[in-house]
Amino acid sequence: MKNKISLFLLVLFPMLSFAQLSSEEKQTRIDEIVNRIQLPEIPEVEVSVLDYGAKPNSAKDSKKAFDKAIKSLQKKGGGKLIVPKGEYQLEGPIHLISNMELHLAEGVLLNFGTNPKDYPMVLTSWEGTMLYNYSPLIYGNNLKNVAITGSGTINGNGKEFWQSWKSKEDPAKQKSREMNHNSTPLQDRQFGEGNYLRPQLLQLVNSENILIEDIRIENAPFWCVHLLKCKSATLRGLSYDSHNSNNDGIDLEYTSDVLIEDVTFDNGDDNVAIKAGRDDEGRANAATPSENIVMRNCLLKGLHAFVIGSEMSAGVRNVFVQNCKAHGYLKRGIYFKTNPDRGGYIKDIYIDNLKFDKTEDLFYITSFYHGEGEGHISKISDIYINNIKCEEVTGTAVVIQGFEDSKVESVQLQNIKVKKAKNGTSITNTKNVVVDNLIIGEEAGVPTAAGKDVGEKK
């Protein structure tokens, strides 16, 4: 459809046969998730990294000082590691421990080095496949009660070094996917030197009771914040300035019970991406979907605002996105992507009250991302999008692409207004899609009367 097309009270199929939640029911579900999330309990012990030899505002490597301070906290059963104002050079990662808070005071800059040999191999995942690779710059595995707080900044120096690996990563990336498909034992999935898979900036694995609050993230090597197989996490008040390749803001993978709120995004890829493993490996982990996620009151800027997929083979469900506003240009606003390699499902997604400036596509569901894969078609159903406003769409406002033998099913689009669009809708292979109060272009008024000389007999 061309610009200036208005769709008002358009129902593509008979009225809903699937149950929509009332506002009160949605709020009850959200409250249940948020109330279930536990903040970390940190012992009332404080140490300063300065007491262990850290030298801010100098070229001296403070890595050993951080390690000593964390080891001291571990002996005490945990506590708060305070990093006072200043710039700290770190030639290697910070590995967190349970019952610990890393507090970056106002004016702190953690400046991470770029020698890969300083980042030991750890258990991680790379684009949905579990493997061993270079340690993320800040990392923790099997932790309980962990916090990263304060208004300081973490600089990953991605542009200065790691970005150059993007053009070299494909052989290792394909090798990892073959290992996924062949169920190669995890201990044999050793990457690192010569493989050019960039590390995440901040990653927690198999951890629970997490708080990441108010820090600023800049110039990440790869994904910015990655929670992998985690539970009970609060991500609040973060800000970003990170525009290298694959600089997703927040990636949640096999992760449940998460609150994301009051985050200011400005990153080079997805603002938030909900994932759940890739292909064979993800389907084998179907008991650990990403679920029970609340995102609200965020300022959006990047490539895509809110994304599910494409690595979602264990399933994604029970997600609530509310009261967010985008500024600047986005390629896609709301984007659900999967293909016949994935399997799994996307269901019970509730998105309400979002505002966008300019996008290429406003709302896009596709079952054949990258046009690849076979044999494992995903099930996409029960999607509710309400109260969305957009100034301009340069591509298509609403795209839904299912398969003939596996239709995208039970989608409600309600109260959506797009002031200007090149194309209106492209909806194929769907079942039970309901559109109500969708206006693209100018809203149509009452019909005008025919002139006396048009269609009248004298």
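A quick note: this is a predicted structure, and the numbers were derived from the prediction, not measured.
- Atom CZ of R317 sits about 8.5 Å away from atom CG of D348, to the nearest 0.5 Å.
- In this structure, CG on D269 lies 7.0 Å from NE2 on H304, to the nearest 0.5 angstrom.
- With hydrogens and angles disregarded, a donor-acceptor distance shorter than 3.5 Å links the side chain of Y119 to the backbone of G113.
- A heavy-atom distance below 4.5 Å is not found between the side chains of K337 and Y364.
- Not a single donor-acceptor pair under 3.5 Å links the side chain of Y240 to the backbone N or O of K301.
- No option in T255, L252, V316, L259 other than L252 meets the side chain to side chain contact (heavy atoms under 4.5 Å, CB included) test with I293.
- For the residue pair D31 and Q27, a side-chain donor N or O sits within less than 3.5 Å of a side-chain acceptor on the partner.
- When all heavy atoms of N339 and Y369 are compared, the closest pair comes out as ND2-O, 3.2 Å.
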Derivation of the side chain to side chain contact (heavy atoms under 4.5 Å, CB included) call for F356 and V393: CA-CA 10 Å; F356 296 92; V393 171; over 6 Å; no
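- For the pair S381 (side chain) and K347 (backbone), a donor-acceptor distance under 3.5 Å is absent.
- No side-chain N or O of E213 forms a donor-acceptor pair with one of T149 less than 3.5 Å apart.
- More than 12 heavy atoms of other shown residues, nucleotides or ligands fall within 6.0 angstrom of atom CD in Q174.
- Other residues, nucleotides and ligands contribute at most 12 non-hydrogen atoms within 6.0 Å of the NZ atom of K231.
- Here D280 pairs with R283 in a salt bridge; the nearest charged N to carboxylate O distance falls below 4.0 Å.
- Using a 4.5 Å heavy-atom cutoff, the side chains of P221 and W165 are not in contact.
- The shortest non-hydrogen separation linking N145 to E41 is OD1-N, 3.3 Å.
- For K379, the NZ atom sits in a packed shell: over 12 heavy atoms of surrounding residues, nucleotides or ligands are nearer than 6.0 Å.
- Taking the charged nitrogens against the carboxylate oxygens, E261 and R236 do have a contact shorter than 4.0 Å, which makes a salt bridge.
- I37 places a side-chain heavy atom less than 4.5 Å from the side chain of S232.
- We find that D361 and K331 are not joined by a salt bridge, their nearest charged nitrogen and carboxylate oxygen being 4.0 Å or further apart.
- With contacts defined as side-chain heavy-atom distances shorter than 4.5 Å, the pair E281/S125 does not qualify.
- For the pair K63 (side chain) and P93 (backbone), a donor-acceptor distance under 3.5 Å is present.
- Under the rule for a salt bridge (Lys or Arg N to Asp or Glu O under 4.0 Å), E91 has no partner lying at least two apart in sequence or in another chain.
- Using a 4.5 Å heavy-atom cutoff, the side chains of H95 and V122 are in contact.
- Aromatic ring orientation, F336 versus F363: perpendicular (interplanar angle above 60°, classes split at 30° and 60°).
- Minimum heavy-atom separation, M100 to I70: CE-CG1, 3.7 Å.
- A side chain to side chain contact (heavy atoms under 4.5 Å, CB included) with I383 is found for one member of V319, I349, L413 and no other, namely I349.
- Dense packing is recorded around CD of E160, with more than 12 heavy atoms of other residues, nucleotides or ligands lying under 6.0 Å away.
- Here CD of E178 is found 8.5 Å from OG of S176. Values are rounded to the nearest 0.5 Å.
- Taking both residues in full, the closest heavy atoms of Q89 and F112 are given as NE2-C, 4.2 Å, listed atom of the first, atom of the second, then distance.
- Contact between Y134 and G194 at its shortest, heavy atoms only, is OH-N, 4.3 Å.
- T124 and Q203 share a donor-acceptor pair across their side chains, judged by distance under 3.5 Å alone.
- The two residues W223 and E253 come nearest to each other via the heavy atoms CZ3-OE1, 4.2 Å.
- For D279 and H376, the side-chain atoms include no donor-acceptor pair closer than 3.5 Å.
- In this structure, N115 contributes its side chain and K117 its backbone to a donor-acceptor pair below 3.5 Å.
- Classification of D67 and K71 as a salt-bridged pair fails, no side-chain N sitting under 4.0 Å from a carboxylate O.
- Between the CD1 atom in I388 and the NZ atom in K417 there is a gap of 13.0 Å [rounded to 0.5 Å].
- Judged by distance alone, with hydrogens and angles left aside, the side-chain atoms of S207 form a donor-acceptor pair with the main-chain N or O of V205 at under 3.5 Å.
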Trace of the side chain to side chain contact (heavy atoms under 4.5 Å, CB included) decision for V408 with S367: CA-CA 8 Å; V408 175; S367 297; 4.0 Å; yes
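- Side-chain contact of D357 with H327: a donor-acceptor pair under 3.5 Å is absent, judged by distance alone.
- The side-chain tip of K229 points at the ring of Y254 from less than 6.0 angstrom away and within 45° of straight on.
- Remark: K358 NZ is loosely packed, at most 12 non-hydrogen atoms of other residues, nucleotides or ligands lying under 6.0 Å away.
- Under a 4.0 Å N-O distance rule, the pair R278/E311 qualifies as a salt bridge.
- Geometrically, K175 engages F191 in a cation-pi contact, judged by NZ or CZ lying under 6.0 Å from the ring centre and within 45° of the ring axis.
- Rounding to the nearest 0.5 Å places CZ of R177 at 7.5 Å from OG1 of T129.
- Judged by distance alone, the side chains of N244 and K166 never bring a donor and an acceptor atom under 3.5 Å apart.
- Side-chain contact check for V272 versus V321: every heavy-atom pair is 4.5 Å or farther apart.
- Within a 6.0 Å radius of NZ in K144, no more than 12 heavy atoms belonging to other residues, nucleotides or ligands are found.
- Atom-to-atom distance recorded for K85:NZ and N57:CG is 9.0 Å, nearest 0.5 angstrom.
- Counting only distance, with no hydrogens or angles, the side chain of N323 and the backbone of R296 share no donor-acceptor pair below 3.5 Å.
- Using a 4.5 Å cut-off on side-chain heavy atoms (C-beta onward), L201 and H226 make no contact.
- When atom types are taken as modelled, the side chain of S378 and the backbone of R342 share no donor-acceptor pair closer than 3.5 angstrom.
- Although no hydrogens or angles enter the test, the distance criterion places no donor-acceptor pair under 3.5 Å between the side chain of S313 and the main chain of G344.
- Looking only at side-chain heavy atoms (C-beta outward), L143 and S98 come within less than 4.5 Å of each other.
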Would you please test R36 and N292 for side chain to side chain contact (heavy atoms under 4.5 Å, CB included) and show each step? CA-CA 10 Å; R36 193 166 58 240; N292 303 327; 3.4 Å; yes
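- Between the R29 side chain and the F320 main chain, no donor and acceptor come within less than 3.5 Å of each other.
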